[in-house]
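Here is the structure we will look at.
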Amino acid sequence: MGKFSVISSLRVRTPEEAIFDIQDSERQGADGFLLHIELLDKQYQSAEVISSIIASANRPLMALDYLPEEDPEVLSSVFLNAVSAGAAAVDLPMYLFDKAPLKSLEGRTEAFACALPAEVSMDREAKERQKELISKLHEAGGEILISAHVGKMLSQAQALALAEEMRDRGADIAKIIVRAGSADDVAEIYQTCCLLKKSLGIPFLYQTSGTYGKLVRPTAWMFGSRYVLCHNRYSQVSNREKPLIADVLRIKEELFCESSDRS
């Protein structure tokens, strides 16, 4: 089934909570972490505090900051500071440096453009600035995940074209979150994962938000989506569409363990 990576999502307000969740997640079997910097109280968003959080982990940590209203230059500094503080990677939104990304899709011929996906910019200047930032982050020793929460369903061809665009901008990992509206859409998502695994050439995370997220998130890895975003526990700021680490590991064990009973 390929690599199986359980990533614990750190949605907390204080470094003490982050360190507790890191230690608890590692005990449960997490392979890495995703730190939501934007959810930390403002006084804890410094490079020094983030460095202390990263230092508490024995596994790689990826940093992200999902504040679309934030000044792009501030976000760039956040990403660079995170890598300097020891983050293994950053999650870079595909709309960074573009205040009107939907407008940038007008008249485009790429397969995904007609779907008008959210969080996707094809603005030439924004793309060049993203590439420049990605180059700096690579030079600083960080890897780049480019992400887009597109807010709608994509066909296999549209998803592949979008993931290839991410890869061509310098992404080490592609992340696309669609929104399934039916069981047929779920089947399409699994088929898309198979296509991306065969054709993309870089690791990817392909999942859905909404009603079907609880099904797809812990199972998309079976078809090639490399990472499973989880929580070690649920709190007030958790994303409850994300499964618990213990449940994901149980699903893996129940579905894919080899039975000793061959009768």
Side-chain angles (χ1 to χ4, degrees), residues 5-93 96 119 133-134 136-147 149 172-173 175 177 205 207 209 213 217-218 226-249:
S5 300
V6 173
I7 308 300
S8 183
S9 184
L10 306 173
R11 296 176 60 91
V12 296
R13 294 192 173 97
T14 69
E16 290 78 16
E17 291 177 286
I19 291 170
F20 172 86
D21 282 353
I22 285 172
Q23 294 173 345
D24 185 51
S25 297
E26 288 184 345
R27 283 191 294 268
Q28 292 190 39
D31 300 301
F33 304 97
L34 188 64
L35 176 63
H36 282 258
I37 295 175
E38 82 279 5
L39 294 180
L40 289 170
D41 291 342
K42 282 293 184 182
Q43 66 266 34
Y44 300 128
Q45 294 183 15
S46 67
E48 181 180 1
V49 171
I50 293 170
S51 180
S52 70
I53 293 172
I54 295 170
S56 71
N58 295 306
R59 302 288 186 176
L61 183 146
M62 178 183 294
L64 61 83
D65 190 333
Y66 282 162
L67 281 181
E69 70 277 9
E70 190 81 87
D71 185 317
E73 296 300 335
V74 173
L75 281 179
S76 298
S77 297
V78 168
F79 295 146
L80 288 165
N81 287 338
V83 171
S84 297
V90 299
D91 180 328
L92 192 151
L96 190 62
E119 297 192 0
L133 177 57
I134 289 169
K136 290 179 180 179
L137 290 164
H138 278 153
E139 289 175 6
E143 292 189 337
I144 313 302
L145 177 150
I146 294 183
S147 65
H149 299 71
D172 302 289
I173 305 165
K175 174 183 174 183
I177 308 296
L205 187 156
Q207 295 172 347
S209 59
R217 286 177 181 269
R226 178 75 60 87
Y227 309 96
V228 187
L229 302 181
C230 306
H231 285 301
N232 63 308
R233 63 186 175 98
Y234 289 134
S235 68
Q236 288 184 335
V237 291
S238 297
N239 176 357
R240 289 179 179 262
E241 288 188 6
K242 293 179 180 177
L244 293 172
I245 293 171
D247 292 338
V248 169
L249 293 177

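FYI, the numbering just counts along the sequence from 1. Quick note: numbers below take in every heavy atom, side chains included, and nothing from hydrogens, waters or symmetry partners.
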Quick one: side chain to side chain contact (heavy atoms under 4.5 Å, CB included) partners of E16, sequence neighbours excluded? T14
Atom [atom1] of [X] and atom [atom2] of [Y]: how far apart are they, to the nearest 0.5 Å?
X	Y	atom1	atom2	result
E119	I146	CD	CD1	13.0 Å
S76	L96	OG	CG	5.5 Å
D31	I7	CG	CD1	6.0 Å
I134	I144	CD1	CD1	6.0 Å
R217	C230	CZ	SG	9.5 Å
M62	L229	CE	CG	9.0 Å

So, the side chain of [X] versus the backbone of [Y]: is there a donor-acceptor pair under 3.5 Å, distance only?
X	Y	value
S51	E48	no
E38	Y66	yes
D71	E73	yes
D24	F20	no
H36	L64	no

For S209 and E241: C-alpha separation, side-chain torsions, deciding distance, then whether side-chain contact (heavy atoms from CB on, under 4.5 Å) applies. CA-CA 7 Å; S209 59; E241 288 188 6; 3.7 Å; yes
With the side chain counted from C-beta on, respond yes when [X] and [Y] share a heavy-atom pair under 4.5 Å apart, and no when they do not.
X	Y	answer
Q207	K242	no
N239	H231	yes
L40	V12	yes
H138	D172	yes
V78	I37	yes

Salt-bridged, E26 to R59, with N to O below 4.0 Å? no
Please determine whether a side-chain nitrogen of the Lys or Arg among K175 and D91 lies less than 4.0 Å from a carboxylate oxygen of the Asp or Glu. yes
